[in-house]
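One-based numbering along the sequence shown.
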Amino acid sequence: MNQNLRRVPFFQGLPDNVLEAIQSRMKLRRYKKGDIVFVEGAPADSMYIIESGQVQIIAEGRGGQPDAVLAHLGPGFFFGEMALLTGDRRSATVRVVIDAELWELHKNDLEDLLQQYPHIALTISRELSRRLSRTIHQFTEPDEINLIAVVGERIPLFVERLKVATNESILVLELGGLRPEHPDLPEGVDISQALLDGTPEALAEYLGEQVGQYGRIVMAIAPHETALTRKAAELAEVIVEIGRRSTPWLKRFGRENYWFVPADRLYIDRVARRIARKLVGLALSAGNARGLAHIGVLRVLEEANVPIDLITGTSMGALIGALYAVGHPLEKLEEFAASLPRLTSFFSGLWDFQIPPRSGLIKGEKARRYLAEKWFNHKTFEDLTISLRVVAADVVTGEEVIFDSGPIADAVRASISIMGVFQPAHVNGRYLIDGGAVNPVPITVAAKEADIIIASSVIVSLADRAHRKAMLSSGRLPSILGIVLGAQEIMEAGIVESRMGRVDVLIQPDVADLGGMEYDRWEEFIKRGYEAAQRYVDDIQRLLAASRQQQPLSVIPQEKGPEPESQTA
């Protein structure tokens, strides 16, 4: 009897005569990573038992939706039996993710075996019961990165940061990348040199055995191409090169999953969070003067050492986010806030009025040039260490326009272009206005790239516009600027109520009683942002520390409705 078959857990409880009968009917099939065993909707004529490697069970997306990963199965698991027993077509697609050896049992052979050995049916029913229990608790698995090949400098630091980011057990498989030194790895990290001189076939089999035992497996590979390092690159879900791009051969195997990382702790930390699906995105809302509260929120996040990998901003949120992303310390942002009462005055010299007004009262070129020269140092998006996305609106088509390249000043000038006040910014053939017209709290933009979404919103809800009630009782008519900004606030509040998007932590500074043009109260705005953010530090830290087995935590304020109000800067 084949002893390899006895090693498969599924067979371990079966008597020898039953095992021999099964073996006589089965055929061993070998598959490479990426091979499809069968596709959803295909006729079913065989079931499979995994001896080595790993497969992915996939439900194909419908109506433009992405495919969903239902499960990862390793040695000892079987699949394909339901369609075989019921006569239905395949209900999912099966793809190999680690080179696999699969025992194939044809439908006719299974029917004969079930008649001769009813004990096999009991084994199958127990496994189906376990699968049903798992399905009740989790319908799909997230698209996880479990196998990482890493080459280059500071691999021990990468492993340490990955351990912190994932909070899971890690196996480091030494394939020549760590020699000649044996690094001090953090607690909970195991190291194996079992395959240092192994074969590609042995590597695939070893990974298939270990992948269910560890949260992540890091293959530390040598930079030169060999049969073993080539197989590691083929099997890895992600290839990370740290330091210098000295291994161009890796790109042939990595394609879109080849990530180069400078040998700097900031970038190594970020790539570890990327693997752990914990990249942090901060969405900053529009809001004119109220948006200065974002500075207080940033202060709290910085004090709590919360990493920020991406900032998305609309209007004042774009301005504050850009100032922070270019590298200004928070003290400098407060200095900028303190200058706004003077800068927003019509006598500041920054406003290039158009008389008579055409498409806006202010041309906006002086403001753009001032920001570019004094605050953004003519930087582009490509110069930033924190990724930035700026939201504007196309006044002609009504489309949302997201800036992620080019001069930062151009993007911010477009995003702060209040309708009727600023002439629309003409950028790349488009006429652009304040992003609050389409997406005042750009959570949806952050969700395209980040995993943990924190939003700071100062958009005052219609129900909370208390400062307008006092104006009504005074009998004073709003100024033209007040009418324009008030109309925009109402529009933004309505947009927020209809499309907030998924958010993990929503911070809403209590600024409804302060006016959108009260820039002279900048210290109060910042203080209220600081106070609001402090209440969520523990929740954010739990999100960053959680392992993938723990339920995600979303924190939405309950004492108020989830919508706030805004004016645009």
Side-chain angles (χ1 to χ4, degrees), residues 1-60 67-135 141 201-202 204-205 207-209 211-212 235:
M1 180 175 59
N2 190 328
Q3 292 304 312
N4 286 338
L5 198 60
R6 174 62 76 185
R7 289 194 296 108
V8 178
F10 173 70
F11 292 124
Q12 289 176 357
L14 296 176
D16 287 348
N17 64 321
V18 176
L19 192 58
E20 290 173 358
I22 294 174
Q23 181 181 322
S24 67
R25 305 291 187 102
M26 302 183 79
K27 294 180 176 62
L28 187 63
R29 309 289 190 190
R30 291 181 172 85
Y31 295 83
K32 296 292 186 181
K33 176 184 176 180
D35 288 348
I36 300 296
V37 181
F38 54 72
V39 297
E40 184 176 334
D45 56 7
S46 295
M47 66 172 288
Y48 298 85
I49 300 170
I50 306 172
E51 179 173 341
S52 66
Q54 189 182 64
V55 303
Q56 204 175 50
I57 313 299
I58 302 167
E60 296 180 2
D67 294 346
V69 178
L70 302 179
H72 286 82
L73 303 180
F77 285 88
F78 59 89
F79 59 90
E81 77 294 331
M82 285 301 293
L84 200 63
L85 295 172
T86 62
D88 295 334
R89 291 181 175 270
R90 300 294 191 191
S91 60
T93 295
V94 177
R95 178 187 297 127
V96 175
V97 291
I98 298 177
D99 292 5
E101 292 185 330
L102 308 179
W103 291 101
E104 181 183 13
L105 184 61
H106 195 271
K107 178 180 180 180
N108 295 335
D109 293 317
L110 176 61
E111 290 173 351
D112 291 344
L113 288 167
L114 289 174
Q115 289 181 1
Q116 296 178 48
Y117 306 102
H119 188 73
I120 299 174
L122 179 60
T123 303
I124 292 176
S125 66
R126 286 173 177 165
E127 176 61 22
L128 292 178
S129 177
R130 285 194 293 270
R131 289 192 194 181
L132 178 60
S133 176
R134 287 196 300 271
T135 302
E141 291 187 357
E201 294 75 21
E205 183 176 351
L207 291 174
E209 293 170 352
V211 73
L235 295 177

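- The aromatic rings of Tyr31 and Tyr48 sit perpendicular to each other, their planes meeting at more than 60°, with 30° as the lower class boundary.
- Looking only at side-chain heavy atoms (C-beta outward), His72 and Val211 stay at 4.5 Å or farther from each other.
- Contact detail for Pro75 and Ser52: the closest heavy-atom pair is CG-CA, 4.0 Å.
- In terms of heavy atoms, Gln56 sits closest to Ile58 at OE1-CD1, 3.5 Å.
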Under the criterion side-chain contact (heavy atoms from CB on, under 4.5 Å), I'd like the reasoning laid out for Leu73 against Val94: C-alpha separation, chi angles, the key distance, then a yes or no. CA-CA 10 Å; Leu73 303 180; Val94 177; over 6 Å; no
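- In this structure, Asp99 contributes its side chain and Lys33 its backbone to a donor-acceptor pair below 3.5 Å.
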Glu101 vs Arg30, salt bridge (Lys or Arg N to Asp or Glu O under 4.0 Å): CA-CA, chis, key distance, verdict: CA-CA 5 Å; Glu101 292 185 330; Arg30 291 181 172 85; 2.9 Å; yes
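- Across all non-hydrogen atoms, the minimal contact from Ile57 to Ala92 is CG2-CB, 3.8 Å.
- The closest side-chain donor-acceptor pair between Glu104 and Ser46 falls under 3.5 angstrom.
- For the atom pair CG (Leu110) and CG (Asp45), the distance works out to 12.0 Å, reported to the nearest 0.5 Å.
- When all heavy atoms of Ala100 and Gln54 are compared, the closest pair comes out as CB-N, 4.3 Å.
- For the residue pair Tyr117 and Ala21, the shortest heavy atom distance occurs at CE1-CB, 3.5 Å.
- Counting heavy atoms from C-beta outward, Arg25 and Leu105 have side chains that approach closer than 4.5 Å.
- By the 4.5 Å heavy-atom criterion applied to side chains, Thr93 and Ile36 are counted as neighbours.
- For the pair Val37/Phe79, a side-chain contact is recorded, criterion being any heavy-atom separation below 4.5 Å from C-beta on.
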